[in-house]
Colleague: 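Below are the structure tokens for one structure; questions will follow.
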Amino acid sequence: MSTSHDLPELYDELDALASRAPVHQPPPAGSGGQELWERGRRYRRQQAIGHGIVSAAVITLVAVLGTSWLSYQPQELRPAGSIAGLPDTVWSPSPYLRGTDETGPLGRLAIVLTEERKGWFGSEMRPLGISAETGEYAFLDLPRWTAEALTERALSPDGYSVAYWVTGTPSGSPRAEGDTITGIAVYDTRTGDVRVTEIPTEHGLSAESLAFSDNETVVAQTLQYVGGEGDSSMDQSSAIDPTWWVWRLEEDEAERAELGIDSADGAGHGNVWTPSTGRSGIVTVVDVRAGTQIDSLSIRSAGTSRASAVDPTGMRVATPSGNGNPRSVKLSGSEADSARVIEGTEQTYVVIAWLDERRILLNQRDRSLGSGVDQPGLTVADVRTGEVQQLVSPAGDFEQVDDVGPILNRYPSVAWELADADTFTAPAPPEPIGPWSTLGRAFWLLVLFGGGFLLWRRGAQP
Amino acid sequence: MLSPDEAGFTEFVAARRPALLRTAYLLTGSHEDAEDLLQVALVKCVPKWKRIADRPEPYVRKVLARESVSRWRGRRWRERATPDVPDSAAPEAGTEGRLDLHRALVALAPRQRAVIVLRYYDDLTERETAEALGISVGTVKSQARDALARLRESETLTRDDLSSTARSR
């Protein structure tokens, strides 16, 4: 490319033009060497202030974002692969906890709760798992999840599987409103894999019951909605054709089953049982895999729905009964006059499961918290001796905070096979700052420092 | 008592002010703006003086050129190519070509103007010009080509005009 040597004429022209510069005039006032030096020193100081503002802004922003990130980090988790057990304490979880899409599978679960989950926009009720190995809390990100079912999820007794209803596309038209349930899924808590069995439906299913009768068997009951979009609102809200489904997990699909009962109140030890009816009701116990009725148990007084549990033999049922709620647990068998109150089971909400033929796992009010605090915990009671052992307690400053809902809510899903293992000292879950709070802090910081920077720039002229 | 750095700076300003002012005048097109530009550039060099004291001129010219582009880019619409050179009552005889060049130079974009001045007045190479302005060598080439084309269009650089213009200082 040409230079001034190649274009001497241009250089001459420029040089001639440059000669018109006011070089022979004395420098304007304040532009001598010493004055310029002083101005340069002031400029350097102003630059340092500006750099300081920017640095402070960056550091503070990093601190805010870092604090927000740290708030998501769990505290002192047990190492992965630790011996599984139930946590000795359960905390009220933050609605901003991460989900398993972020954390990865939690491994064997101890407890599954249904909790409010919040994000950028709105909130919804979602299943939350507590790891039996690490103690970590995380929302379970279950694909095609719906919260519209009566029993939206179930945890296997060993804590390795979560069954839940899934949404999908029916063969006909779906209803105009609400989720369209079309099947059942089982989530592997170790790998995160999900298996789905679709149930044929024209307009969607009304999901009635869902439970694990044992670790390898899911039992569910459905109804079929009568109409879809375009049909009358009555048809869209009516459901018929109650059907039992049994999914043996060694198989790919669920199969229709004839269990001979209208509804289920609970399941376990291979059985499913009906709710009791009336003041002196009958509980029918059915062997799920065999499809045969084991026994009809008589309960002296009516229990609460989903609160009773049948023992491994299918011969006895434990039910909170009496006036009020919570209540003492009564033990009933085939003979109506065999009913008796089990010592030590006062203020029980739910009998979660029979651990064996002697012990029952209870969702019972934690009396150690004082008379004014209504918070359930998990206890194990010996039905023969009345000996009660506290396994899991709720944590929190209940005396300072009024109106705290039950942390371990009335119907937690518990991997009750872990009740025989030692409990572990459970770490508290993190308390993440919500995304809007983080954004708000960052925004106000930017406004504050940005304003300061702009003010500085106005004054910092060389 | 001046510090060594301050003494060196003051000495440099006294010695090189005329040459730097000429460059500043070519970059801005007006006496007042040239003084302002030079003062701003020198003030901005003070924080770096310790580092550049041995050979300050390249850095000062770099600041001069970059400041001329950044400060005056936004003011381009306010610049007017007037028939008369500011601070001059009437054009002198024989300076018509110079007036055309001044007008054409002022009409260039700030960066094009800076490239012309650095390349063809300060005699920097393409690489030195690129480094001074913080742009690529390719951009220097294209800017110079475009600027020269515009100067030719304004008939500033016709052979007849160039041959008739006497060098005056």
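Every chain is numbered from 1, with letters handed out A, B, ... down the list of sequences.
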Colleague: Please examine the side chains of A:P27 and B:Q39, heavy atoms only from C-beta on, and report whether any two atoms are closer than 4.5 Å.
Modeller: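 Not in contact.
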Colleague: Considering all heavy atoms of both residues, which atom of B:Y25 and which atom of A:L17 are nearest to each other, and what is their separation?
Modeller: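 Scanning both residues completely, I find the closest heavy atoms to be CE2-O, 3.4 Å.
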Colleague: Does any backbone or side-chain atom of B:D5 lie under 4.5 Å from a heavy atom of chain A? Answer side chain, backbone, both or neither.
Modeller: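 Answer is both: backbone and side chain atoms of B:D5 are under 4.5 Å from chain A.
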Colleague: Check the pair B:R22 / A:V23 against side chain to side chain contact (heavy atoms under 4.5 Å, CB included), numbers first and verdict last.
Modeller: CA-CA 7 Å; B:R22 290 191 192 96; A:V23 298; 4.0 Å; yes
Colleague: Report yes if the side chains of B:Y121 and A:D15 come closer than 4.5 Å at any heavy-atom pair, otherwise no.
Modeller: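 Heavy-atom side-chain distance check passes, below 4.5 Å.
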Colleague: If you look at every heavy atom in A:Q25 and B:R17, which pair is closest and at what distance?
Modeller: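 Nearest heavy atoms, A:Q25 then B:R17: O-NH1, 4.1 Å.
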Colleague: Would you mind checking which part of B:E6 comes under 4.5 Å of any heavy atom in chain A, side chain (CB onward), backbone (N, CA, C, O), both or neither?
Modeller: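 Both backbone and side chain.
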Colleague: Just verifying a value: how many Å separate A:Y11 OH and B:D122 CG, rounded to the nearest 0.5 Å?
Modeller: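 A:Y11 atom OH to B:D122 atom CG measures 9.0 Å (nearest 0.5 Å).
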Colleague: Can you tell me which of B:L2, B:V13, B:L21 forms the most heavy-atom pairs within a distance under 4.5 Å of chain A?
Modeller: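 Sorted descending by pairs with chain A, the first entry is B:L21.
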Colleague: Report yes if the side chains of A:L14 and B:L105 come closer than 4.5 Å at any heavy-atom pair, otherwise no.
Modeller: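 A side-chain contact exists here, since the closest heavy-atom pair is under 4.5 Å.
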Colleague: Should the heavy atoms of other residues, nucleotides or ligands under 6.0 Å from CD of B:E11 be counted, would the total exceed 12?
Modeller: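 Counting neighbours around CD of B:E11, 12 or fewer heavy atoms of other residues, nucleotides or ligands fall under 6.0 Å, so no.
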Colleague: Looking at every heavy atom in both A:E13 and B:L101, which two are closest together, and how far apart are they?
Modeller: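 Minimum heavy-atom separation between A:E13 and B:L101: CB-CD2, 3.3 Å.
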Colleague: Checking B:H31 side chain against A:R20 main chain: does a donor-acceptor pair fall under 3.5 Å?
Modeller: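 Yes, the answer is positive, given that a donor and an acceptor are paired below the 3.5 Å cut-off.
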Colleague: Quick one: does A:W37's side chain get under 4.5 Å of B:F9's, heavy atoms only?
Modeller: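 A:W37 vs B:F9: side chains touch.
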Colleague: Look at A:P28, A:G32, A:G30 and state which one has the largest set of heavy-atom pairs under 4.5 Å with chain B.
Modeller: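 Of the options given, most contacts go to A:P28.
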Colleague: Check step by step if side chain to side chain contact (heavy atoms under 4.5 Å, CB included) holds for B:L148 and A:L10.
Modeller: CA-CA 10 Å; B:L148 287 173; A:L10 179 55; 3.7 Å; yes
